Amino acid sequence: MRPLIRTACLRARVRAMATLPTTAAFSSTRAPSPCPSPSRARRLLFAARFLPSAPPPPAGARAFRTSAAAAEAAVEVGGVKIAREDVVKEDDPTNNVPDTIYSKIGLQLHRRDNHPLGILKNTIYDYFDKSFPGQFVKFDDLCPLVSTKQNFDDVLVPADHVSRSYNDTYYVDSQTVLRCHTSAHQAELLREGHRHFLVIGDVYRRDSIDSTHYPVFHQVTVFPRLYLNVFKTRYVMNSIDLSRIQMEGFRVFSPDDWSGSGMDGTAYAATDLKKTLEGLATHLFGAVEMRWVDTYFPFTNPSFELEIYFQGDWLEVLGCGVTEQEILKSNGRTDHVAWAFGLGLERLAMVLFDIPDIRLFWSNDQRFTSQFSKGKLGVKFKPFSKFPPCYKDMSFWINDEFTENNLCEVVRGIAGDLVEEVKLIDNFTNKKGMTSHCYRIAYRSMERSLTDEEINDMQWNVREEVKSKLRVELR
């Protein structure tokens, strides 16, 4: 029986824990408060000792914890046993992982053959097995605890990029995060000698709350994962945008592969990439109209997005490109070229199965789970919940450190999956320069009617927690 991991062991098992992230990892987009509280003073002390040029992390970075007790038993992922104290560290000022997130580790919805995400994953596997027999190695059980070097530096994420901030990423400690994308494993797999591989896993990002966003999601990546709304300018995704449990794919070519093609290595890889992904889109959606859109990612050049015309609208399916040479050279692949693509399973499954709310994927209600069977892609979900939402508004004066992601963490920590949406409905700035935000919170269970009493209790707790943890002034 494997012992529970502790800090030193954790870093050894996760491999290659990096040195401290760049200063941008701990920066806030807003100016720090001139009169820090005692908890903030601890962060200032940490920054002064270890990050001399960095602003401290946001005031709420460490504070978000739920009152509900997390499961006591350790979970095992990829041969690594992970206990709560390995992930949720109340005494570490650099930790911002709540119990609600720890409780999702190890569930691995993508490994359940009768689950929509497992069905979709296996359908993609079938395509690659038939198109490239025996070539692609599959990884779907890699540990989600990775170093900041693996998560950011190895995939050329700029030092000042917003994805490194405490507002966007779950930090276990200053050197360890819950992976934001499965690309965090690409360098290791390349160094181990793999040339063609698929990586799929649950990934974690602090995010907004609505029917298409969830802080844990699943990604399929063909090395490296191209997470569209992280590495491009941030935008609010609508119901047809794709991200969540992630899959990545990667394919390496040697000079012998393209020497007789009449093309250089980059053109050869790009041509093969587009042919492969057009075949995948047809495999999933049937005969649909497709178009390629030139775009930018820091780890591929050239870079593309594939869109299909589906159900009367253009649907962005995935991002892809020819891998930057710097990534290949730094991992022992000099003179080679490679292509990579990445897609998210949840919202792709929402489209294929007509699932209206991302929270349903995490439901154990038999009225949901019984509708899906192994190998049956595209079975249309039959809604069973007609329970109405309950709306509660909350207004407060914000401070310089306020972010919407921090607010969503507080609400999610109290209401869990009973919160359907947190939406800014009004804001203004008075003559004194104070800014007020009004948020509308929608509570709804997918399985039962909520009572007035429990909704009022949740809202009261939300107001108290927002006031104390975000240090805002309620109106």
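Heavy-atom basis, side chains included; hydrogens, waters and symmetry copies ignored. These numbers were taken from a predicted model, which means no experiment stands behind them.
Taking 4.5 Å as the limit, every side-chain heavy atom of D357 sits out of range of all side-chain heavy atoms of R444. Counting heavy atoms from C-beta on, the side chains of E473 and M434 come closer than 4.5 Å. Considering only heavy atoms from C-beta on, Q459 comes within 4.5 Å of Y443 through its side chain. Taking the side chain as every heavy atom from C-beta outward, L284 and F310 never approach each other to under 4.5 Å. Proximity of I105 to Y204: side-chain heavy atoms (C-beta onward) are separated by under 4.5 Å at one or more points. By the 4.5 Å heavy-atom criterion applied to side chains, M458 and I441 are not counted as neighbours. Within the 4.5 Å cutoff, the side chain of V155 has no heavy atoms near those of the F297 side chain. The shortest distance between side-chain heavy atoms of F402 and T435 does not fall below 4.5 Å.
A salt bridge does not link D400 to R471: none of the charged side-chain nitrogens sits closer than 4.0 Å to a carboxylate oxygen.
A search for salt bridge (charged side-chain N to carboxylate O under 4.0 Å, His left out) contacts involving R448 returns E454, not counting sequence neighbours.
Of the inter-residue distances, the one linking L189 atom CG with F139 atom CZ reads 5.0 Å to the nearest 0.5 angstrom.
Using modelled atom types, one finds a donor on one side chain and an acceptor on the other under 3.5 Å when comparing Q108 with D141. A side-chain donor-acceptor contact under 3.5 Å links N406 and R206. There is a side-chain donor-acceptor pair under 3.5 Å between S147 and Q150.
When each of R359, K392, R412 is tested with E420 by the rule salt bridge (charged side-chain N to carboxylate O under 4.0 Å, His left out), just one qualifies, namely R359. Considering T94, L178, T148 in turn, T148 is the only one that fulfils the side chain to side chain contact (heavy atoms under 4.5 Å, CB included) rule with Y171.
Sequence neighbours left out, the pairs with a member in residues 407-436 that pass ring-ring contact (aromatic ring centres under 6.0 Å, His included) are W397-F428.
Of all non-hydrogen atoms in S373 and I119, the two that sit nearest each other are O-CD1, 3.1 Å.
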Kindly indicate, with the supporting measurements, whether the criterion salt bridge (Lys or Arg N to Asp or Glu O under 4.0 Å) is fulfilled by K382 and D354.
CA-CA 8 Å; K382 297 178 181 178; D354 279 353; over 6 Å; no
